[in-house]
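Worksheet for the structure shown next.
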Amino acid sequence: GKKDGADEAGQEDSAADDLESRNEGKAKGAGKGGDKGGADAGERAFLAYLAAPAPEVCLVLRCRQGRPDRRNKLVAAIEKAGGLAEAAPLPPARAVPYLAQLAEAAGKRCANPLLEQIVKGQPAGVGLAGAARELEKAIAYAGEAEELTAAMLREILIPSLEADIFRLVDALARQRRPEALRELRELLARGESPFGILAMITRQIRLIFWAKACQKAGYDRGQTARALGCHPFAADKAAEQSRRYTFPGLEAAMAILQETDLAMKSGRQSGQALEDLVIVLGEGRD
């Protein structure tokens, strides 16, 4: 009713305020001894070099988190001296044709759904490079066989806990408990640590919460990735999942996760505790 709507609106505003406070704190921390008091010696030396770079040197700098802020004087100097180029991860629809070409060049055939499976199985931030390496392993494993099969991929592909946890949480967000339970049981069957699984689920729920707060605050993709402190690909996934949750639902999920953590540390059978967690989280998001 109206009360529920008012409560959720209040929680959204509180989350957005918390997000702003976190970012202001980071900015103040960065300002101490930094740009406010003058650039440090290393930055000054690098700025001087960028003003007259050695013509025989090819220097490539990589920004690991989010997009470079062009308002930063160091970033502006780099762009002026050489330029900035964004190498965003290819979505599966664009990566699959490239992998198909690699397989064809090696004399192999591989169905597109299997190639897409390789791409989606890569951890966040690895993307096409990791998928190409996995495909090369599959090609070597196939030997004289002309076609790469699902059975071959199951034998050699390295399971990605991060990708599996994303699928598990996504199934929970869609209220697909049987699918989420299947993902959980597969993780346990292959020997993943129950505490590791719980930690990864907790991390993903937290990312979803802060991604939702970022959307509420009007952040763009790069700002969201920086606020979450993760790769833009992971931030995009969290933002996508956050649309299926409410703030009250996410807070309830965090409380359930804490209860499960305590139960497991108190000696409760870990596998059963995780299954109960998935059942409860899969009942609803509100």
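In this chain, residues are counted from 1 in sequence order.
Salt bridge annotation for E134-K137: present, with a cationic side-chain nitrogen under 4.0 angstrom from a carboxylate oxygen.
One finds the CH2 atom of W210 at 12.5 Å from the OG1 atom of T224 (value rounded to the nearest 0.5 Å). Atoms OG1 and CD, on T246 and E251 in that order, are 8.5 Å from each other to the nearest 0.5 Å. Taking CG from L50 and CD from E43, the interatomic distance works out to 10.0 Å, rounded to the nearest 0.5 Å. Atom CD1 of I256 is separated from atom CD of Q258 by 10.5 Å, given to the nearest 0.5 angstrom. Remark: S242 OG to I205 CD1 distance equals 11.0 Å, nearest 0.5 Å. Atom NZ of K212 and atom CD of Q215 lie 6.5 Å apart (nearest 0.5 Å).
Using a 4.5 Å cut-off between side-chain heavy atoms of Ile, Leu, Val, Met, Phe, Trp and Tyr, with links allowed through other members, L262 and I197 fall into different hydrophobic clusters. Residue L99 is grouped with residue Y141 when hydrophobic side chains (ILVMFWY) are merged at heavy-atom distances under 4.5 angstrom, including chains of intermediate members. Taken together through direct or relayed side-chain contacts under 4.5 Å among Ile, Leu, Val, Met, Phe, Trp and Tyr, L250 and I279 form part of one hydrophobic cluster.
Minimum heavy-atom separation, L148 to L135: CD1-CD1, 3.7 Å. Residues R221 and D236 share a closest heavy-atom pair of NE-OD2, 2.7 Å. Residues A238 and Q204 approach most closely at CA-NE2, 4.2 Å, considering heavy atoms. Taking all atoms of both residues into account, the shortest heavy-atom contact from Q272 to Q269 is N-OE1, 2.6 Å. The minimum heavy-atom distance between F46 and L74, with the atom names listed, is CD2-CD1, 3.6 Å. The two residues A235 and A225 come nearest to each other via the heavy atoms CB-CA, 3.8 Å.
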Could you go step by step and tell me if L168 and L187 meet the side chain to side chain contact (heavy atoms under 4.5 Å, CB included) rule?
-> CA-CA 10 Å; L168 192 160; L187 289 171; 4.2 Å; yes
Assess whether side chain to side chain contact (heavy atoms under 4.5 Å, CB included) is satisfied between R226 and Q223, documenting all intermediate values.
-> CA-CA 5 Å; R226 288 192 290 273; Q223 289 172 321; 3.5 Å; yes
Please lay out, stage by stage, how R185 and E275 fare under the test side chain to side chain contact (heavy atoms under 4.5 Å, CB included).
-> CA-CA 8 Å; R185 287 166 181 165; E275 289 205 3; 2.8 Å; yes
Show the numbers, then the answer: is there a side chain to side chain contact (heavy atoms under 4.5 Å, CB included) between Y245 and L172?
-> CA-CA 10 Å; Y245 284 94; L172 292 175; 4.2 Å; yes
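Evaluation of the side chain to side chain contact (heavy atoms under 4.5 Å, CB included) rule for A106 yields K108, I139 as partners, not counting sequence neighbours. Evaluation of the side chain to side chain donor-acceptor pair (under 3.5 Å) rule for E179 yields no partner, not counting sequence neighbours. Partners of T202 under the side chain to side chain contact (heavy atoms under 4.5 Å, CB included) rule, at least two apart in sequence or in another chain, are L198, R206, M254, L257. Take E186 and apply the side chain to side chain donor-acceptor pair (under 3.5 Å) test, not counting sequence neighbours, and it matches no residue. Checked against side chain to side chain donor-acceptor pair (under 3.5 Å), R203 has no partners two or more places apart in sequence or in another chain. Every residue meeting the side chain to side chain donor-acceptor pair (under 3.5 Å) condition with R268, not counting sequence neighbours, appears here in chain and number order: D276.
Shown are L277, V280, I201; of these, the side-chain contact (heavy atoms from CB on, under 4.5 Å) with T260 is made only by L277.
Counting heavy atoms from C-beta on, the side chains of L274 and M264 come closer than 4.5 Å. L228 places a side-chain heavy atom less than 4.5 Å from the side chain of C214.
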